[in-house]
Each structure stands twice: as C-alpha cells, then as structure tokens.
Number of protein chains: 2
Amino acid sequence: MKKYAGQSAMLVAIDCIIFGFDGDELKLLLIQRGLEPEKGKWSLMGGFVKPKEDLEKAAARILKQLTGLEDVYMEQLQAFGDPDRDPVERTLSIAWFALVDIHKYEKQLSDDHHPEWVPVKKLPKLVFDHRKMVDLAKKRLQYKAALHPLLFELLPDRFTIPQLLNLYQALYDKKLDKRNFNRKLLSAKLLIKQKYKKKEGSRRGAFYYKLDKRKYYSNIDAFMSFLPAREIFS
Amino acid sequence: MKKYAGQSAMLVAIDCIIFGFDGDELKLLLIQRGLEPEKGKWSLMGGFVKPKEDLEKAAARILKQLTGLEDVYMEQLQAFGDPDRDPVERTLSIAWFALVDIHKYEKQLSDDHHPEWVPVKKLPKLVFDHRKMVDLAKKRLQYKAALHPLLFELLPDRFTIPQLLNLYQALYDKKLDKRNFNRKLLSAKLLIKQKYKKKEGSRRGAFYYKLDKRKYYSNIDAFMSFLPAREIFS
DNA sequence: GCAAAAGTGTTCCTGGTACACCCATGT
DNA sequence: ACATGGGTGTACCAGGAACACTTTTGC
C-alpha cells in the first residue's frame with residue numbers, strides 16, 4: 001500500500017449533540033469530560049474515529065456508549081476544523097446531532113461519564129468549541145423541524161398533541177396557536193388516534209396518538225410546514 | 001504539548017464541487033486527477049488540509065488554485081469518511097460546494113489540471129466517492145435554492161430575468177411559468193432594473209437587473225419561496 | 001410581415017392566521 | 001361548583017397557481 005508523501009495527518013473525532021425533551025424543556029445530554037485537558041468540565045459526548053471505522057458507525061458507537069440506545073435518529077451536522085480548537089493536538093471533529101426519547105434513555109444504565117440532561121436554555125460553559133456546535137445544531141434543528149416531521153423522534157411511541165405542541169414551543173421559544181397547530185398536524189395524516197390518557201397533568205386527559213410509521217418513513221423528507229415558517233426564523 | 005495516546009490519525013482532504021451556469025446548462029468544474037492512483041481520471045478538485053490551516057481557508061485555497069477566484073460563495077457540504085474511500089490510505093474528505101460565475105472563471109488562467117466545465121446531467125465516471133458528493137451537492141443546492149435567494153451567485157453582476165428563469169429550470173429540470181416566476185421574484189424586491197440588453201439571443205432584448213446587495217446580504221438566510229416548493233422535491 | 005423571445009393581468013382557490021367558547025374531569 | 005387543561009369551528013386574507021395575449025425587433 002503506497003502512501004501520499006509529505007502530507008500530515010490529524011486525529012479525527014466525533015462529537016454528539018444529543019437532544020431530548022422532558023415534556024417541558026428541550027435538553028441536551030452532557031458529560032463531564034474524562035480526559036485531560038479540561039477533565040471534569042462540561043462537554044459533549046465524543047470520541048475518536050477508529051482506523052477502520054465509518055463515520056456513521058463511530059457516531060452510533062459513541063451515542064450507544066453513553067445512552068445505551070441504538071437505532072436513534074442521527075444526522076451529520078458539520079466538521080469543525082479550527083487548527084487550535086483542541087489545545088493538545090490538532091483534532092478535527094465531526095459533529096452529529098441526535099434526537100432521542102429522553103424516557104427511553106432514563107431506563108438505561110449510563111456509563112461513568114456522569115452524564116446529565118441540561119436545558120438548552122441554561123447551558124453551562126462547555127469545553128473547546130462545543131458551544132458553537134450546540135448553537136449550530138439548535139439552529140439546524142429549528143430549521144429542519146419547521147419543514148419536516150422530525151420532532152416525533154424526541155417523543156415516546158405514544159404521545160399527545162399538547163405534548164407535541166409544548167415541544168414545538170420549547171424549540172422555537174414561541175407560543176403557538178393550538179387550534180391552528182392541531183389542524184395542520186392532523187392534515188398531514190401522519191397520526192393515528194389512540195385511547196384516552198388519564199393521569200398526568202390534566203383533569204380531562206388528552207388522547208394519545210401514534211405515528212403512522214409507514215407514511216412517516218416514506219415522507220421523512222417531505223415538505224410540510226408545521227409552523228408559520230417564514231416568521232419563525234427571525 | 002502532550003498528545004492523546006494510542007489514537008490513530010488520518011489524512012484530511014477537501015474536495016470542491018464547483019457549480020457554474022452557462023445560460024443553458026448547469027455545469028461542474030472537473031479536473032483530470034494529477035496524482036496516482038487514478039491519475040488522469042475525472043475528479044473533483046481537491047487537496048489536503050495543511051497542518052495549521054482552517055477548513056474554510058483550505059477550501060478557499062483549493063478553489064482559488066483552480067479557478068483564480070476569491071470571495072466565492074462556498075458552503076460546507078459534508079464529511080465523507082468511508083475507511084476505504086481512498087484505496088491508498090485512509091483519507092477523510094470534507095466536501096464543499098461553490099457557486100461561481102462561469103464567465104469570470106473563463107477569463108482566469110487555469111493551472112495545469114486540465115479543468116473542464118461538464119454538464120451536471122452528463123457526468124463522466126468520477127474517482128472514489130466523488131459521484132456521491134456531487135449528487136448530494138446537487139440535492140442540497142436544489143433544496144436551498146428553493147427557499148433562499150442563492151442562485152444569483154451563479155450569474156454575472158448584470159443578468160436578465162429570462163436568464164434567471166433558465167437557471168432555475170436547469171437546476172430543477174422543470175419548466176416554470178414565467179409570469180408567476182416574474183412576480184415572485186420582483187416581489188422580493190431584491191432586484192434593481194437596468195438598461196436594455198440588445199444582442200444576445202433575442203430580437204426584442206431583455207432588461208438587465210442587478211442585485212440590491214444591501215438587501216441581499218442582509219437577507220441571505222431569509223425565507224422566500226421562489227418556486228412551487230412543495231412540489232419541486234418529488 | 002413574420003418569427004422569436006419579452007413582457008404583462010386576472011381569476012380562482014388553497015391554506016395560513018386570528019380569534020373564543022364549550023367539554024370533561026378531579027378536587 | 002369550580003378550576004384546569006383539552007378540544008373544536010369560522011371568517012378573513014394573502015399568496016400561489018393556472019392561464020393567453022400583446023409587444024418589440026431582426027430578418
């Protein structure tokens with residue numbers, strides 16, 4: 001195997017921006033960094049890409065390592081390559097964002113990174129350029145979710161419309177009209193109505209819905225505006 | 001300077017998907033690869049990231065090396081990291097796409113890569129995974145240009161509305177209604193009408209327009225649908 | 001005077017938005 | 001009975017889509 005002469009290599013890492021929603025706030029799963037430098041500081045979950053490993057695989061591996069979850073929605077965000085972003089050694093990082101059901105996570109045993117779900121709106125200081133990654137990920141999520149059915153990935157299999165409304169409101173930090181939201185949502189015909197929900201948070205109870213997975217997967221790139229889209233990006 | 005122990009580095013390259021428009025077809029600037037392996041085969045313009053070089057800078061450097069152009073619209077597309085994508089040695093590539101004014105390019109002296117503008121619809125076989133990069137870049141451009149004023153980057157400073165219409169039609173491979181297109185376009189108020197154009201391609205001549213750069217740059221992320229957007233992605 | 005492209009207006013209809021009241025239940 | 005959140009209908013308006021004819025000029 002010949003090599004390219006005179007070129008210099010660098011380390012390649014993955015960092016994961018992991019979104020979750022607890023019914024009230026949009027959250028990120030952060031860890032306390034286990035390596036020097038900045039050991040113990042808040043950080044995104046990350047890791048190095050292995051010599052024979054695909055980027056997708058690496059991202060999935062790292063996500064699973066922290067959350068125990070597989071088959072999670074992930075999307076490559078962007079490569080971050082400032083030569084000085086890691087003071088130790090030049091390290092390129094490919095940021096991925098993931099949308100997970102926060103409740104599924106809670107049942108998992110997490111490893112020893114001391115992970116915590118932190119509200120996106122109250123982020124602590126993060127190491128390196130992780131803050132930039134988070135900001136970009138949030139923008140990207142806002143952008144994409146305004147046009148595509150995506151946020152279902154953050155909710156359990158069964159969910160109610162008020163939950164979904166809360167999620168949108170949390171992501172965009174705006175109040176939305178529930179009547180209009182409802183209508184748009186149902187007109188997409190992606191939801192299947194279930195039985196009643198009793199207990200939590202309401203006297204009357206709200207109906208559960210499930211995704212019509214068939215339509216969902218064939219439409220995941222479909223264009224539908226769940227929002228007053230042109231005003232949301234202001 | 002301490003190092004991360006036991007991690008393996010890899011080469012990091014940039015590949016540029018360079019779009020141009022000749023008034024009729026959408027084209028890509030390809031080169032004949034100068035390195036083994038696959039020397040002489042069609043390829044995107046690329047190069048390795050230098051040890052102290054930023055990704056943006058590297059992409060701009062490589063673009064300038066081929067086209068002589070600076071201050072060109074560029075956007076990071078995605079990292080391609082299949083471990084076997086380059087048979088010589090593991091090389092991660094960050095693909096960028098660029099929109100250039102094909103006529104500005106033609107006035108430049110090009111280097112010895114034997115570059116050629118090739119219609120996107122008649123691409124030759126490309127080395128490695130470059131075809132995947134091109135396909136993704138085209139999809140991304142279609143997506144973004146349906147919602148944002150972007151394609152001006154492919155045209156000269158002065159252009160006519162029929163030219164712009166041709167460009168949209170070429171990108172989406174669909175015919176568009178010129179009356180509706182016209183109205184939408186002008187309602188964005190990004191264009192400033194100029195004098196007549198005589199010669200080329202028409203007896204009557206079409207008016208030139210220029211971009212209102214002030215509004216353009218403050219609105220480059222603005223949301224405006226120049227197209228029957230929800231039908232264009234089919 | 002005719003061919004070829006530029007330019008322009010109207011109607012229809014969808015879909016977005018604003019807005020307010022009743023319903024079901026637990027306490 | 002009342003408080004709390006769940007659920008629903010309507011009227012208005014903006015903007016997208018469909019559609020055809022007139023204008024200018026070079027030949």
Side-chain angles (χ1 to χ4, degrees), chain A residues 23-24 146-147 149 155 158-170 172 174-209 222-234, chain B residues 23-24 145-149 155 158-170 172 174-209 222-234:
Chain A
D24 182 36
L147 301 168
L155 293 174
R158 299 197 311 170
F159 51 88
T160 67
I161 300 211
Q163 278 178 324
L164 199 49
L165 179 67
N166 280 343
L167 174 50
Y168 275 87
Q169 291 184 153
Y172 296 99
K174 299 205 176 171
K175 294 219 166 171
L176 299 172
D177 184 285
K178 63 176 173 175
R179 289 162 290 191
N180 292 333
F181 183 76
N182 218 291
R183 186 154 3 90
K184 277 191 204 178
L185 202 58
L186 296 178
S187 75
K189 295 191 178 166
L190 283 173
L191 300 187
I192 305 173
K193 201 171 190 173
Q194 312 288 114
K195 312 268 167 60
Y196 246 160
K197 158 196 186 184
K198 281 188 202 118
K199 314 188 178 178
E200 310 131 47
S202 128
R203 306 222 196 287
R204 180 178 180 178
F207 278 103
Y208 278 123
Y209 287 81
F223 226 93
M224 34 187 80
S225 78
F226 290 114
L227 288 172
R230 290 180 194 111
E231 289 184 12
I232 223 83
F233 309 102
S234 54
Chain B
D24 182 36
L147 301 169
H148 304 280
L155 293 173
R158 299 199 309 171
F159 52 87
T160 67
I161 300 211
Q163 279 178 325
L164 199 49
L165 179 66
N166 280 343
L167 174 49
Y168 275 88
Q169 292 184 152
Y172 297 97
K174 300 205 175 170
K175 293 219 165 171
L176 298 171
D177 183 284
K178 63 177 173 173
R179 289 161 291 188
N180 292 333
F181 183 77
N182 219 291
R183 186 154 5 89
K184 276 191 204 178
L185 202 57
L186 296 178
S187 74
K189 294 190 178 167
L190 283 172
L191 300 187
I192 305 172
K193 200 171 189 173
Q194 311 288 115
K195 312 268 167 63
Y196 247 158
K197 159 197 187 182
K198 280 188 203 113
K199 314 185 177 177
E200 309 130 47
S202 128
R203 307 225 196 289
R204 182 178 177 179
F207 279 103
Y208 277 122
Y209 286 80
F223 227 92
M224 33 186 80
S225 77
F226 290 115
L227 289 172
R230 294 184 189 108
E231 290 186 11
I232 223 82
F233 308 103
S234 55

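A note on names: the letters A, B, ... follow the listed sequences, proteins ahead of strands, and every chain is numbered from 1.
At whole-Å resolution of the value, CG in Leu186(A) and P in dT8(D) are 8 Å apart. Atom CG of Asn166(A) is separated from atom C1' of dG5(D) by 11 Å (rounded to the nearest Å). Spacing between atom CG of Leu176(B) and atom P of dA18(D) amounts to 10 Å, rounded to whole angstrom units. Lys184(A) places its NZ atom 12 Å from the P atom of dG15(C), with the value rounded to the nearest Å. Lys195(B) places its NZ atom 19 Å from the C1' atom of dT24(D), with the value rounded to the nearest Å. When rounded to the nearest whole Å, the span between NZ of Lys175(A) and C1' of dA18(C) equals 16 Å. Phe159(B) places its CZ atom 16 Å from the C1' atom of dA6(C), with the value rounded to the nearest Å. Leu164(B) has its CG atom 18 Å from the P atom of dA5(C), to the nearest Å.
Checked by atom type, the side-chain pair Asn180(B)/Arg183(B) shows a donor-acceptor distance below 3.5 Å.
Nearest nucleotide to the side chain of Lys193(B), out of dC19(C), dA18(D), dT8(C): dT8(C). Taking only side-chain atoms of Tyr196(B), from C-beta outward, the nucleotide of dT27(C), dG9(D), dT25(D) with the closest atom is dT25(D). Here dG7(C) is the nucleotide among dG7(C), dA20(D), dG6(D) with the atom lying nearest to any side-chain atom of Arg204(B). Picking from dG5(D), dA5(C), dT8(D) the nucleotide with the shortest atom distance to the side chain of Ser202(A) gives dG5(D). Nearest to the side-chain atoms of Asn180(B) among the listed nucleotides dT17(C), dC19(D), dA3(D) stands dC19(D).
Two residues are said to be in side-chain contact when any heavy atoms from C-beta on lie closer than 4.5 Å; Leu155(A) and Tyr209(A) fail this criterion. Using a 4.5 Å cut-off on side-chain heavy atoms (C-beta onward), Leu165(B) and Leu185(B) make no contact. Contact annotation: the side chain of Phe159(B) never approaches that of Lys197(B) to less than 4.5 Å [non-hydrogen atoms, C-beta and beyond].
Residue Arg183(B) places a side-chain atom within donor-acceptor reach of the base of dG9(C), judged by atom type and a 3.5 Å distance cut-off alone.
Nearest-nucleotide positions on DNA chain C for Ala206(B) and Asp177(B) put Ala206(B) closer to the 5' end. Position along DNA chain C of the nearest nucleotide to Phe207(B) versus Arg203(B) favours Arg203(B) as the more 5'-ward residue.
Between Lys178(B) and dA5(C), a side-chain N or O to OP1/OP2 separation shorter than 4.0 Å is absent.
The side chain to side chain donor-acceptor pair (under 3.5 Å) search around Arg203(B) returns none, not counting sequence neighbours.
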